[in-house]
**Q** 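My structure is below; once you've seen it, I'll send some questions.
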Amino acid sequence: MTPDALKALVRTVPDFPRPGILFRDITTLIADGEGLAATVDLLTQRAAALDVEAIAGIEARGFIFGAAVAARLGLGFLPVRKRGKLPVPTIGIDYALEYGTDRLEIDPHLVGQGSRFLLLDDLLATGGTARAAALLLREAGATVDHAQFVIGLPDLDGATMLAKEGITTDCLITFAGH
Ligand SMILES: O=P(O)(O)OC[C@H]1O[C@H](OP(=O)(O)OP(=O)(O)O)[C@H](O)[C@@H]1O
Ligand SMILES: Nc1ncnc2[nH]cnc12
């Protein structure tokens, strides 16, 4: 399946969760068996070319793809969770995204000193979420040089925000506009 065919499986919902946001919804993509398999195949091929030892996925949509790619590559998966979900002492970071603010938390004991993480999420918009996740992983001792996404919204410049942190960005498909 080509990236254009994957793009056609993403549903666009205007004015969600706020007026003016064009929400790029991956639930239609993952409901399609071929679409889901092709997405995980493409992410895995591209992740395999990177020198990484583990994958971190961002709650919630990053879990869907991150754990699948980690399993394919035989790597461990670390969930970067939203506030209050982890049952152990955490480190956390507040951040802003395209349509709000939130807090991410991790269990720092799951991060080995210097271990090389690939950050994986469904969508890159402003980059605020991915940047926060990378800073948190680094605070715990990880190296984070690469981030991978199914969808990129280049007009929101998330790749520039991540580049300023020394992080390369890879998106399977892109949508112009917000
Ligand atoms: O690049 P940014 O502007 O930071 O936006 C991208 C983030 O926004 C969405 O997550 P959301 O917080 O809506 O959470 P969800 O995965 O739980 O739906 C998306 O899954 C990314 O994590
Ligand atoms: N436009 C958008 N669609 C879906 N998820 C998003 N996360 C941030 N911006 C988004």
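Counting convention: from 1, in listed order, for ligands and their atoms alike.
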**Q** Any idea which part of Thr129 is under 4.0 Å from ligand 1, heavy-atom wise: side chain, backbone, both or neither?
**A**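 For Thr129, backbone and side-chain atoms both sit under 4.0 Å from ligand 1.
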
**Q** Which of the numbered atoms in ligand 2 are under 4.0 angstrom from any heavy atom belonging to Leu123?
**A**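 In order of number, 3 (N), 4 (C), 5 (N), 6 (C), 7 (N), 8 (C), 9 (N), 10 (C).
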
**Q** Following the transitive rule for hydrophobic clusters with a side-chain heavy-atom cut-off under 4.5 Å over Ile, Leu, Val, Met, Phe, Trp and Tyr, establish whether Val144 and Met161 coincide in one cluster.
**A** no

**Q** Got the closest protein heavy atom to atom 21 (C) of ligand 1, with its distance?
**A** Asp121 OD2, 3.1 Å

**Q** Starting from atom 9 (C) of ligand 1, locate the nearest protein heavy atom and write down its residue, its atom name and how far away it is, to 0.1 Å.
**A**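 That would be Arg61 NH2, 3.2 Å.
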
**Q** Using a 4.0 Å heavy-atom cut-off, which part of Lys82 comes near ligand 1: side chain, backbone, both, or neither?
**A** side chain

**Q** Run the side chain to side chain contact (heavy atoms under 4.5 Å, CB included) check on Thr39 and Leu43 step by step: do they pass?
**A** CA-CA 6 Å; Thr39 303; Leu43 290 170; 4.1 Å; yes

**Q** With a heavy-atom distance limit of 4.0 Å, tell me whether Arg61 approaches ligand 2 through its side chain, its backbone, both, or neither.
**A** side chain

**Q** Under the criterion side chain to side chain donor-acceptor pair (under 3.5 Å), which of Arg81, Lys82, Lys85 is the partner of Glu59?
**A**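 Exactly one option meets the side chain to side chain donor-acceptor pair (under 3.5 Å) with Glu59, and it is Arg81.
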
**Q** Looking at CG of Leu50 and CG of Asp170, how far apart are the two atoms once the value is rounded to the nearest 0.5 Å?
**A**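 So the CG of Leu50 and the CG of Asp170 are separated by 7.5 Å.
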
**Q** Can you pull out the closest protein heavy atom to atom 8 (O) of ligand 1? Residue, atom name and distance to 0.1 Å, please.
**A**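 Checked against all protein heavy atoms, atom 8 (O) of ligand 1 sits closest to Leu97 CD1, 3.3 Å.
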
**Q** Ignoring hydrogens and geometry beyond distance, is a side-chain donor-acceptor pair present between Asp25 and Thr27 at under 3.5 Å?
**A**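 The answer is yes; a qualifying pair exists.
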
**Q** With heavy atoms of Gly128 as the reference, note each atom of ligand 1 found under 4.0 Å away.
**A**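 Here the atoms of ligand 1 in question are 1 (O), 4 (O).
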
**Q** Go through ligand 2 atom by atom and flag the ones less than 4.0 Å from a non-hydrogen atom of Ala125.
**A** 8 (C), 9 (N)

**Q** Could you measure the distance from the CG atom of Leu162 to the NE2 atom of His146? Nearest 0.5 Å is fine.
**A** 12.5 Å

**Q** What are the atoms of ligand 2, with element, lying closer than 4.0 Å to any heavy atom of Leu153?
**A**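 Answer, ordered by atom number: 1 (N).
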
**Q** For ligand 1 and Ala60, I'd like to know whether there is a polar contact (N/O to N/O, distance under 3.5 Å).
**A** yes

**Q** Taking Thr12 for the side chain and Arg24 for the main chain, is one N or O donor matched with an acceptor at less than 3.5 Å?
**A**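 Pair absent, no side-chain N/O of Thr12 close to backbone of Arg24.
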
**Q** Mark up the atoms of ligand 1 that fall under 4.0 Å of a heavy atom belonging to Glu59, in ascending order.
**A**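 The atoms of ligand 1 under 4.0 Å from a heavy atom of Glu59 are 16 (O), 17 (O).
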
**Q** Among all the protein's non-hydrogen atoms, which is closest to atom 3 (O) of ligand 1, and how far away is it?
**A** Thr126 OG1, 2.5 Å

**Q** Hey, any chance Leu135 and Leu97 share a hydrophobic cluster, counting ILVMFWY side chains that come within less than 4.5 Å of each other, even indirectly?
**A** yes

**Q** Just which atoms of ligand 1 are under 4.0 Å from any heavy atom in Tyr99?
**A**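 What qualifies from ligand 1 is 8 (O), 9 (C), 11 (P), 13 (O).
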
**Q** Considering distance alone, does some N or O of Tyr95 sit under 3.5 Å from an N or O of ligand 1?
**A**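 N/O-N/O distance below 3.5 Å does not exist for this pair.
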
**Q** Relative to the heavy atoms of Glu98, which atoms of ligand 1 are at a distance of less than 4.0 Å?
**A** 3 (O)

**Q** Quick one: CG on Asp51 to CG on Leu118, what's the gap to the nearest 0.5 Å?
**A** 11.0 Å

**Q** If the cut-off is 4.0 Å to any non-hydrogen atom of Leu123, which atoms of ligand 1 fall inside it?
**A** 6 (C), 21 (C)

**Q** Does Leu22 approach ligand 2 within less than 4.0 angstrom via side chain, backbone, both or neither, non-hydrogen atoms only?
**A** backbone

**Q** Working to the nearest 0.5 angstrom, can you tell me the gap between Arg131 CZ and Leu104 CG?
**A** 12.0 Å

**Q** Which residue and atom name correspond to the protein heavy atom nearest atom 20 (O) of ligand 1, and how close is it?
**A** Asp122 OD1, 2.5 Å

**Q** If you compare all heavy atoms of Phe65 against all heavy atoms of Leu120, which two are closest, and at what distance to 0.1 Å?
**A**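 Nearest pair, atom of Phe65 first, then Leu120: CB-CD2, 3.7 Å.
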
**Q** Can you list the ligand 1 atoms lying under 4.0 Å from a non-hydrogen atom of Gly127?
**A** 1 (O), 2 (P), 3 (O)

**Q** Using the six-membered ring wherever Trp is involved, compare the ring planes of Phe63 and Phe77 and label them parallel, tilted or perpendicular (cut-offs 30° and 60°).
**A**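 Ring orientation, 0 to 90° scale: perpendicular.
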
